[in-house]
Amino acid sequence: MSKNTIPQTGQQRERNENAEEEKTLRGPLQTEHGVTTIDENVVAKIAGMAAREVPGVYDMGNAVRRAFSAVTDRIPNAQTNVAGGVSVQKGETQAAIEITIVIDYGVSIVEVSNAIRRNVIEQLEGTTGLEVVEVNINVTDVHLPDEDADDSEPADLK
């Protein structure tokens, strides 16, 4: 140590270390050339599509959302709301997802839930670069096979 160098205190060393950490990039969305931000609705749509791809998922969302979707599905040229039933909490580098589903009768809720988690994590991390820290799944209903027959019968035959 030279005669003119004054040793740093613990607080000064900690501040210097923190300043160096701030300069480091945090994830694939932050580069030395700029930062990419992704809206929560983009994350919700990707998660919704990934969840719908899993066999055993009959529908998504709670009863109110499903009723609203049934009405909007009848409107010509209306877009399907793929983010329905998906809630997202997103930070700069991480996301937490909550998915509400209706499951087909007879399938394993555990297996379908695990498949949804795997697919959502794979799709989101692969397409957005965000780290998915959790995927919570709420099963709100079971779709019974005879419910389809009831919906397809004319009203006067019921």
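All of these numbers come straight from a predicted model, not from anything done at the bench.
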[X] to [Y] - nearest heavy-atom pair and separation:
| X | Y | result |
| --- | --- | --- |
| I99 | A51 | CD1-CB, 4.1 Å |
| V112 | P55 | CG2-O, 3.7 Å |
| T140 | G61 | OG1-O, 3.8 Å |

L29 and V35: CA distance, side-chain angles, deciding distance, side-chain contact (heavy atoms from CB on, under 4.5 Å) verdict
CA-CA 6 Å; L29 297 174; V35 176; 5.7 Å; no
Residue pairs fulfilling side-chain hydrogen bond (donor to acceptor under 3.5 Å, both in side chains) with at least one residue in residues 125-139, sequence neighbours excluded:
Q94-E131, E98-N138, E134-N136
Would you check if the side chain of K90 reaches a backbone N or O of N41 as a donor-acceptor pair within less than 3.5 Å?
no
Do side-chain atoms of D104 reach the backbone of H143 as a donor and acceptor pair under 3.5 angstrom?
no
Passes side-chain contact (heavy atoms from CB on, under 4.5 Å), V135 versus I137? Steps please.
CA-CA 6 Å; V135 177; I137 299 167; 4.3 Å; yes
Hydrophobic cluster membership, with links at side-chain heavy-atom distances under 4.5 Å among I/L/V/M/F/W/Y: are [X] and [Y] in one?
| X | Y | answer |
| --- | --- | --- |
| I109 | V54 | yes |
| V133 | V42 | no |
| L144 | I101 | yes |

Begin from the C-alpha positions of M60 and T100 and carry the test side-chain contact (heavy atoms from CB on, under 4.5 Å) through to its verdict.
CA-CA 6 Å; M60 294 185 54; T100 303; over 6 Å; no
Neighbour count above 12 (heavy atom, 6.0 Å) for E111 CD:
no
Show your reasoning for whether side-chain contact (heavy atoms from CB on, under 4.5 Å) applies to V142 and I103.
CA-CA 5 Å; V142 175; I103 199 158; 4.0 Å; yes
Rounded to the nearest 0.5 Å, the OG1 atom of T36 sits from the CD atom of E92 at a distance of 12.0 Å
For a 4.5 angstrom cut-off between non-hydrogen side-chain atoms, does L130 reach V132?
no
Check V139, V102, I116 against V57 for a side-chain contact (heavy atoms from CB on, under 4.5 Å) and give me the one that passes.
I116
